[in-house]
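Here's the structure we're looking at; comments come further down.
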Amino acid sequence: MVTMLQDMIKARPPWRTLLVWYLRLMAILLIGGGIIHWARIVGYVPWRGVMFADMPTDWQAATAYFGVLDMVAGIGLWLAASWGPVMWLLRALSQVVMHTILSDTFGSRPYEISFYLATIAIYLVLTILCEREKRKG
């Protein structure tokens, strides 16, 4: 069992490849979220039964902000551009702030916050492993 696990670890793709796959998975999630935000903005999909024009102003601003940021970050992550993770981290941390510091306005979502923090942690671990692999090779 242990040797089989060791063989699987040795046969894995380079960490850089795994990081790019991870970033592209996050890109798909972000682009999907951006499409949902834009569907709300143009009036195709209501949010909690409320159309965009009838939302409170703070929710309208958040919807527009994340609609743009999700698409920009998603494209940057898909291309594995250096600015992609920066935009994604800005987006994730904005969401964390929105549901912690501004929870009176936007509500508290501990599971969503946990998801964002976990995805950031995975990104950091993969980045560190990439750097270690680059130094060794």
Side-chain angles (χ1 to χ4, degrees):
M1 180 73 172
V2 173
T3 57
M4 188 172 88
L5 182 61
Q6 290 172 340
D7 291 341
M8 284 176 53
I9 291 172
K10 288 178 185 176
R12 69 161 171 72
W15 288 115
R16 176 72 184 154
T17 302
L18 293 175
L19 177 61
V20 170
W21 288 351
Y22 179 72
L23 293 178
R24 289 197 171 160
L25 173 66
M26 291 292 105
I28 291 168
L29 294 176
L30 285 170
I31 291 170
I35 290 170
I36 291 170
H37 285 298
W38 280 103
R40 288 180 185 148
I41 291 168
V42 299
Y44 189 71
V45 176
W47 170 78
R48 296 182 183 174
V50 179
M51 297 308 284
F52 182 78
D54 300 325
M55 284 182 187
T57 306
D58 45 6
W59 276 102
Q60 287 178 340
T63 301
Y65 174 76
F66 288 114
V68 171
L69 202 54
D70 282 359
M71 298 303 263
V72 171
I75 290 167
L77 289 177
W78 186 267
L79 297 174
S82 60
W83 51 269
V86 174
M87 298 305 290
W88 170 55
L89 292 173
L90 173 66
R91 188 254 185 261
L93 294 176
S94 296
Q95 197 82 7
V96 169
V97 167
M98 188 171 130
H99 294 299
T100 55
I101 297 172
L102 303 172
S103 63
D104 292 342
T105 304
F106 297 105
S108 178
R109 295 186 180 167
Y111 296 113
E112 195 170 323
I113 292 168
S114 300
F115 171 77
Y116 289 120
L117 295 177
T119 58
I120 292 169
I122 292 167
Y123 169 73
L124 292 174
V125 167
L126 287 172
T127 302
I128 290 168
L129 292 171
C130 282
E131 288 301 315
R132 284 186 182 174
E133 189 172 66
K134 188 171 29 171
R135 285 189 206 137
K136 287 182 182 179

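Note that the coordinates shown come from a computational prediction; the quantities given were computed from them, not determined experimentally. Because only heavy atoms are used, hydrogens play no part in the values below, and waters and symmetry mates are left out as well, while side chains stay in.
For the pair I120 and L93, the minimum side-chain heavy-atom distance is below 4.5 Å. With contacts defined as side-chain heavy-atom distances shorter than 4.5 Å, the pair I31/D70 does not qualify. At least one side-chain heavy atom of L18 sits less than 4.5 Å from a side-chain heavy atom of R12. Residues R91 and Y116 meet the side-chain proximity criterion, which asks for heavy atoms closer than 4.5 Å. In this structure the side chain of P85 reaches within 4.5 angstrom of the side chain of L77, judged on heavy atoms. Contact check for M71 versus I35: side-chain heavy atoms found under the 4.5 Å cut-off. The side-chain heavy atoms of L19 and Y123, taken from C-beta on, include a pair separated by under 4.5 Å. In this structure, M98 and F66 have side chains that are in contact, with non-hydrogen atoms separated by less than 4.5 Å.
Linking Ile, Leu, Val, Met, Phe, Trp and Tyr residues whenever their side-chain heavy atoms come within less than 4.5 Å places L117 and L124 in a single cluster. Residues L23 and V86 do not share a hydrophobic cluster, defined by chaining ILVMFWY side chains whose heavy atoms lie under 4.5 Å apart. W78 and W88 sit in two unconnected hydrophobic clusters of ILVMFWY residues. Membership requires side-chain heavy atoms under 4.5 Å apart, directly or through other members. Placement of I36 and W47 in two distinct hydrophobic clusters is found when ILVMFWY residues are connected by side-chain heavy-atom separations under 4.5 Å, directly or transitively. Linking Ile, Leu, Val, Met, Phe, Trp and Tyr whenever their side-chain heavy atoms come within less than 4.5 Å puts Y22 and L89 in one cluster.
By the neighbour-count criterion of 12 heavy atoms within 6.0 Å, atom CZ of R16 is sparsely surrounded, having that number or fewer from other residues, nucleotides or ligands.
Nearest heavy-atom pair, T100 versus V96, reported as atom, atom and distance to 0.1 Å: OG1-O, 2.7 Å. The minimum heavy-atom distance between T63 and R40, with the atom names listed, is CG2-CB, 4.3 Å. The heavy-atom pair separating F115 from L29 by the smallest distance is CZ-CD1, 4.2 Å. For A27 against G74, the heavy-atom pair with the smallest separation is CB-O, 3.2 Å. Contact detail for Q60 and A53: the closest heavy-atom pair is NE2-O, 3.4 Å. Of all heavy-atom pairs spanning A64 and I41, the tightest one is CA-CD1, 3.8 Å.
For S114 (side chain) and P110 (main-chain N/O), a donor-acceptor pair under 3.5 Å exists by modelled atom type. Between the side chain of H99 and the backbone N or O of G107 there is at least one donor-acceptor pair closer than 3.5 Å. Within the 3.5 Å criterion, the main-chain N or O of L90 finds a donor-acceptor partner in the side chain of S94.
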Quiz prompt | T127 vs W15, side-chain contact (heavy atoms from CB on, under 4.5 Å): CA-CA, chis, key distance, verdict | solution = CA-CA 8 Å; T127 302; W15 288 115; over 6 Å; no
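Between E133 and K136 there is no salt bridge, since none of the side-chain N atoms of the basic residue sits less than 4.0 Å from a carboxylate O of the acidic one.
A centroid separation of 6.0 Å or more is found between the aromatic rings of W38 and Y44. Separation of the W59 and F52 ring centroids does not fall under the 6.0 Å cut-off.
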